[in-house]
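All values below come from the heavy atoms of this structure, side chains included, with hydrogens, waters and symmetry mates left out. These numbers were taken from a predicted model, which means no experiment stands behind them.
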Amino acid sequence: MLTRQFDVAVAGAGPVGMTAAALLVRLGLDVVVLERNAATSDEPKAISIDDEALRIYQAAGLQERLLDIIVPGTGTRYYNASGRPVFQARAARPYRLGHPFKNPFAQPDLERELMAHLRSHSNATVMMGTELLAFTQDADGVELKCRDGLVRARYLLGCDGGRSTVREYQGIGMTGESYSDVWLVADVLGDPHDERYGMHHGDPDRPHVIIPGRDGRCRYEFLLHPGEGEAGVRPPFSLVKSLLAPFRTLEPAEVERVVTYRFNAVVADKWRHGRTFLLGDAAHMMPPFAGQGLNSGIRDVANLAWKIADVLAGRLDESALDSYEAERRPHAEATVRLSVRWGEVVMTTNPRFAERRDALIDRVLSTQDGRSFLEEMRYRPRQVYRSGLVSRGGGEVVGQPRVFDTATSRIVMLDDILGAGWALIGVGVGLDCYLGAVGATSPVAPSVFHVPVDDRLPVGDVRVLVDVDGGLDLEFAPYRGKFVLLRPDRFVAAAWEPGDPPALASDLSWSLERKAVS
C-alpha cells in the first residue's frame, strides 16, 4: 500500500483536532486529519467560546469566519435559591485579549467553518470516514494504519475525544472521578431568550442552566431527580416539555438535541508518549460549570502547535516538546478542580447548604474586594508558566491592545503586527541596546519592535509601536526598561535589562545545531 507522508497527523476532526490542524497549516506544515465519521458532527455539544480561544483562532486566520457564528457574550449571571439574580461574572478588562469575553455558539456551525477553512488550504488533507486502527513509532516518526491505507507523519496528535483511540492504544490511563448525578441537556429552536449572557440558577430543588444562542437557539440543562432518567438513554419528549414549561411552550420539531449524561473529572496520566500527544478531551475531561471544556482543549493546541513547527524548523531542540505537558497540565488540573467545586456550590441540592451559600455571597458582594472577586472571576485559575520554556522574568501572557504601527501608519491589533513567530520587544530601552539583545535571541529569529514609554517618537532602524488608548502602556508597564521575548503563543519567554540576558539558550531548549551555528 502507498504510504502518504505528512509533518503532523491529527486524529479526530472535532473542534480541537481541526483547530490544531488550522494552526499547523498556518505555520506552513503539511497536515492530515483522520476522522472515523463520514461528516462533521451535527450535535451542538460545546456551547461557549472565550476571548482567549478567539485570539487563538485569530492566529489561525479564522477570525472573520467565526464572527459570523458567535453571540458576542457578556459573561454569566448567577441566581440564588429563590431565583433572584445576585451577580454577573464578566471580564475584568473587557477586550483585553482583543475579543469579546464569553461567546455562545453552536458546535455544528464551528465545525463547518473549520472544515471549510482546512479544505481551502493545499497543505491540509482531511480524510473523513477513515478509522485509525493502529500505529507504531520509530526515531523519525509515526506510521498509522487505517482501513484504506498507511499514513506516516513526524508527529501524531490525539484529538479524538474522551474515548481516545490514541490514548487507549498506548494504554494510558486517566485519573479522577465520575459523578453519579444525571443531567439532561436540551438544545432547542425558536426560543424567546435573547440575553447575551448565560444563566446559572442555584435552585436546590432543580439546579439548571440556560444559555441563549444565535437565531433562536437556546440550551437548557437540568439536574434530574432519581428515577427521571438514566445517563445515555434518550429521555421522553414529555419530560423535556415539562422541564421547559416554566420558560416556554415546546413542540417536538423544536428539539434539536436532547441527551442525558454524567460528568467526568479526569486527567490523562501522561500527555506525551514519544512522538504522540494527547489534547482536549483525550487529555482531560471536566464538568461544564466553568465553561472551560472546549476552551481548555484550544489552549492545549495553542501551546503545542508552534513548538512542533519550531522543532521541525530547527529553532528548538526536540526536547522542548516535553514542555507541553509541563506547562499545560497544572492549569488543566486546576480548571478541572474549579469546575467540580463550582458545580458543588452553585448546583447544590441541599437546601440548608444553598441558604448558607446565598448568605455568604451577599456578604461577599457587600465589599468592593468581594464583588470584584466574584464579578471579575478572580477565583478562576490563572494560566501562568513557572516551568517549561520560560526563563527569568517570563511566564505571563501579554494581552492584545490596539497599537499604531509606524511601519505601515495604521492602527491594528498587536498580534497582527507581531506575526506568527517570536517577537523581541524593547520597552523604553535605548535604541543602541538592540544589537546585543538581537544576538542573544538569534536562534529563534524574532521580529524586533520598540515600545516607547513616553510621548516621544524615536527615530531609528527598529519598528516602533505606539500606544493609542492606554492598552499598550498598561500591558507592558511591568517590563519598562527591559527587553521582552514573546513566544509565538504570546506568553513572555523572558524579560531582562539591557546587557543582562538570562541563560536563554538552555532555558528555552534552543536547537544545539542552531546554537553551534550562532
Side-chain angles (χ1 to χ4, degrees), residues 1 3-25 29-41 45-46 60 107 110-111 114-115 117-119 121 123-138 140-174 266-285 293-294 296-305 307-309 312 321 324-325 328:
M1 290 186 293
T3 301
R4 305 182 66 179
Q5 302 276 350
F6 298 91
D7 293 317
V8 180
V10 179
V16 172
M18 287 194 285
T19 301
L23 273 177
L24 292 165
V25 164
L29 302 187
D30 290 323
V31 181
V32 60
V33 180
L34 310 173
E35 170 56 51
R36 71 178 67 186
N37 295 315
T40 57
S41 174
K45 301 173 185 176
Q107 182 167 325
L110 174 62
E111 292 196 18
L114 288 170
M115 181 63 71
H117 178 80
L118 291 177
R119 292 195 183 282
H121 287 76
N123 56 331
T125 299
V126 181
M127 300 174 63
M128 302 299 290
T130 302
E131 184 177 1
L132 175 60
L133 301 176
F135 56 88
T136 57
Q137 301 189 54
D138 56 37
D140 297 317
V142 186
E143 187 166 279
L144 299 90
K145 181 181 179 182
C146 307
R147 291 198 183 277
D148 53 353
L150 299 177
V151 169
R152 185 169 179 83
R154 299 289 297 277
Y155 296 100
L156 168 63
L157 306 189
C159 306
D160 46 349
R163 298 179 180 178
S164 167
T165 298
V166 175
R167 187 189 69 238
E168 293 181 356
Y169 188 79
Q170 298 178 104
I172 299 174
M174 301 193 86
V266 292
V267 179
D269 298 333
K270 181 164 54 175
W271 295 16
R272 180 187 186 187
H273 186 264
R275 290 180 170 269
T276 70
F277 300 85
L278 301 178
L279 300 88
D281 282 356
H284 43 73
M285 290 183 281
L294 173 60
S296 291
I298 295 174
R299 291 190 195 101
D300 296 342
V301 169
N303 183 283
L304 181 60
K307 294 174 182 176
I308 290 177
L312 293 179
L321 299 179
Y324 163 60
E325 182 174 350
R328 281 293 302 135

For D300, is there any backbone N or O sitting under 3.5 Å from a side-chain donor or acceptor partner on Y324?
no

Original post:
Do R4 and T125 touch side chain to side chain, with heavy atoms closer than 4.5 Å?
Top reply: yes

Correct closest heavy-atom pair for T40 and M115 would be CG2-CE, 3.6 Å

Across all chains, not counting sequence neighbours, the side-chain hydrogen bond (donor to acceptor under 3.5 Å, both in side chains) partners of E143 are none

_When you measure from the side chain of D269 to the backbone of I172, do you find a donor-acceptor pair of N or O atoms at a distance under 3.5 Å?_
no

Interatomic distance, CG@L278 vs CH2@W271, rounded to 0.5 Å, equals 9.0 Å

Taken to the nearest 0.5 Å, the spacing of L29 CG from Y155 OH works out to 10.5 Å

Taken in chain and number order and not counting sequence neighbours, the residues that satisfy side-chain contact (heavy atoms from CB on, under 4.5 Å) with V266 are M174, N264, M285

Residue pairs passing the salt bridge (Lys or Arg N to Asp or Glu O under 4.0 Å) test with at least one member in residues 272-281, sequence neighbours excluded, are R272-E318, R272-D322

Please tabulate, for side-chain N and O atoms in residues 156-163, each donor-acceptor pair with protein atoms closer than 3.5 Å (sequence neighbours left out).
from: D160; atom 1: OD1; to: S164; atom 2: OG; distance (Å): 2.6
from: D160; atom 1: OD2; to: S164; atom 2: OG; distance (Å): 3.4
from: D160; atom 1: OD2; to: T165; atom 2: N; distance (Å): 2.8
from: D160; atom 1: OD2; to: V166; atom 2: N; distance (Å): 3.1

Residue set satisfying ring-ring contact (aromatic ring centres under 6.0 Å, His included) with F277, at least two apart, ordered chain then number -> none

Rounded to the nearest 0.5 Å, the OG1 atom of T276 sits from the CD atom of Q170 at a distance of 3.5 Å

The reported gap from CZ in F135 to CG in L150 (rounded to nearest 0.5 angstrom) is 14.0 Å

Residues 127-138 vs salt bridge (Lys or Arg N to Asp or Glu O under 4.0 Å), sequence neighbours excluded, gives E131-R147, D138-R152

Across all chains, not counting sequence neighbours, the side-chain hydrogen bond (donor to acceptor under 3.5 Å, both in side chains) partners of T130 are none

In this structure, OG1 of T136 is separated from OH of Y169 (nearest 0.5 Å) by 7.5 Å

R167 meets the salt bridge (charged side-chain N to carboxylate O under 4.0 Å, His left out) criterion, sequence neighbours left out, with none

Distance-only criterion, 3.5 Å: show the donor-acceptor pairs between side-chain atoms of residues 14-23 and protein atoms not counting sequence neighbours.
from: T19; atom 1: OG1; to: P15; atom 2: O; distance (Å): 2.5
from: T19; atom 1: OG1; to: Y57; atom 2: OH; distance (Å): 2.6

Between the CG atom in L304 and the CZ atom in R299, the distance rounded to the nearest 0.5 Å is 15.5 Å

Requested in this report: Applying side chain to side chain contact (heavy atoms under 4.5 Å, CB included), run through L110 and L294 and close with a yes or a no.
Outcome: CA-CA 12 Å; L110 174 62; L294 173 60; 4.2 Å; yes

Contacts of S41 meeting side-chain contact (heavy atoms from CB on, under 4.5 Å) (sequence neighbours excluded), chain-then-number -> E43, K45, E111

Applying ring-ring contact (aromatic ring centres under 6.0 Å, His included) to H117 and not counting sequence neighbours gives H121

Sub-3.5 Å donor-acceptor pair from the side chain of R328 to the main-chain atoms of V301, do we have one? no

Quick note, side-chain hydrogen bond (donor to acceptor under 3.5 Å, both in side chains) partners involving residues 5-18, not counting sequence neighbours, are none

Next on the checklist: Side chains of C146 and M127, heavy atoms from C-beta outward: is any pair under 4.5 Å?
Outcome noted: no

